[in-house]
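Treat the numbers as computed from the prediction; the structure is a model and nothing was measured.
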Amino acid sequence: MTELPAEVVACRERIAAKTSEVTAAGIDISTWPITDAPEMKEITTTAPQTQQNYLEYDGHYRPVTNHPGCSVTNLYYDKSNTTGATPYVDGNNDGKWTGNSAFGGPNAATGFLDGNVAKIPGYPCAAKEYTQNNEDTSKPIVILVHGNSTRPHTWEKFQLPAGTDVNTAYENVQFTADTTARNQLAEMLIAQRYRVIAVDFRTDVVTSIDPSANSSTQNASGNIDHGWATPILESLLKAVMKDQPNRKVALIGHSLGVTVARDALRRMYVEWSSGRAGAINPFPQVSHVILGSGANHGVSTYDPALGSLCQNNTTMRGTIVCEMGSRSNYVQTYFHKPLNGPRDLFATPCADGDYAFGKTGQCGNNVVKYYTITMTDKERGTNYQDLYVSEAASRIDMDGCVKNTLTTLNDYDTSGYFNKGFIANHFGSMRSAAGLDLVMRYLAE
């Protein structure tokens, strides 16, 4: 009999111990729901979303067949886009974070990676695929999953124009902006011969269909929720896996992209396990799930000090916060209940090559490797460093099945990306030198 790898043994021991703990608490694992939360039930209306009927849509899963974000119109990285509002220039011309001077643009970096609109059979929505002229097909295909209000340029190098001051007062952090552009994940992954596709949730179109007069009770910042983002990523993952059935796929998510990535895998598994036509079990093909600064157990914007958005905002800017719950006083939310399961028991499906969502024999003997990366708290439990998440909010409580890693208090994104460095601490998990090093090392494991 072949001896199991030590990491598989450790994970199975953790699953057994957690199962005993949950059972002792009187929780019936066999009846724990893993389907979509009733509060997020998929919409059935066919009327297009507008600022007048948004309440019928926001917070609910949207099929890509009726989704304003599933669009390839006016993509800034589309080489054929010569007449749109953000025509192709060099693949970095999105018109907001990388172009608008109010947010620290134009991007002073040069020599951007070549790329174009991803064209994958069966995928109707937007994604950017970076040109790879020397692919190592023994490596997994990497899917990059950006966070809220951003686009695929989250993964690319950025440099503030000379003389632009960083915007760090709100988080009370200090750093000097880079004077030369640092390569980011997109550049590093292409150099290491990976095939790289960055999903695009089209946050640029949100303010046209959500009330957007302000950010306290409306959605001027163009936030999205899981009902918007998850179906798009599901569609991309399914298309890539069906197009490349013999290849492994690695998911790398930041911020909102963390729970979107996990939720997409859950929904794909539920469709497959329920026997839906055309469904695919993703876990036999997933190699890595690498998660930076994710709200696996709450976000700060739920709490009064940063706006109480869940209580006061009915747009997607509020519904995403309701889905996440409180960072400081976390109680499992309707969104997290099927995703995390009881006490995180379901949070690392197939980490042991066998167990997923309360059942064994679900993984095709494929071991999925899970990692979280978070900036350390200044003082655990009270004084956080990352504006949105804490160590406890971001970690997954399944030690043995996941590697939870902390960067230091100094590991900011010093590029000045995203509104002149605003939330540079939050972006540090994926855009600081330390965060980049961790991601690349984990992906090679």
Can you tell me if Q174 has over 12 outside heavy atoms packed within less than 6.0 Å of its CD?
no

Ignoring hydrogens and angles, state whether a donor on the side chain of D263 or T259 is under 3.5 Å from an acceptor on the partner side chain.
no

Under 30°, 30 to 60°, or over 60°: which ring-plane class applies to F418 and F422, parallel, tilted or perpendicular?
parallel

D397 and R395: which non-hydrogen atoms are nearest, and at how many Å?
OD1-NE, 2.7 Å

Is the distance from the ring center of H153 to that of Y76 below 6.0 Å?
yes

Testing the 3.5 Å rule here: is there a donor-acceptor pair between the side chains of T207 and D210?
no

How about Y330 and H336: are their ring centres within less than 6.0 Å of each other?
yes

Classify the side-chain pair D178/T414 by whether it contains a donor and acceptor separated by less than 3.5 Å.
yes

Kindly check if the number of other-residue, nucleotide or ligand heavy atoms within 6.0 Å of NZ (K79) is above 12?
yes

Distance-only donor-acceptor check, side chains T86 and D94, under 3.5 Å:
no

Is the distance between the ring centroids of H226 and F335 less than 6.0 Å?
yes

Is the shortest distance from a Lys or Arg side-chain nitrogen in K128 or E156 to a carboxylate oxygen in the other one below 4.0 Å?
yes

Looking only at side-chain N and O atoms, does Q159 offer a donor or acceptor that is under 3.5 Å from a partner on R182?
no

Check whether the side chains of T314 and Y54 place a donor and an acceptor atom closer than 3.5 Å, and report yes or no.
yes

Here the pair of heavy atoms bringing P161 nearest to T164 is O-OG1, 3.0 Å

Classify the side-chain pair T405/Y442 by whether it contains a donor and acceptor separated by less than 3.5 Å.
yes

Do K403's NZ or CZ and the ring of Y371 fall within the cation-pi criteria of under 6.0 Å and 45°?
no

Mind checking whether Y77 and Y88 have ring centres under 6.0 Å apart?
no

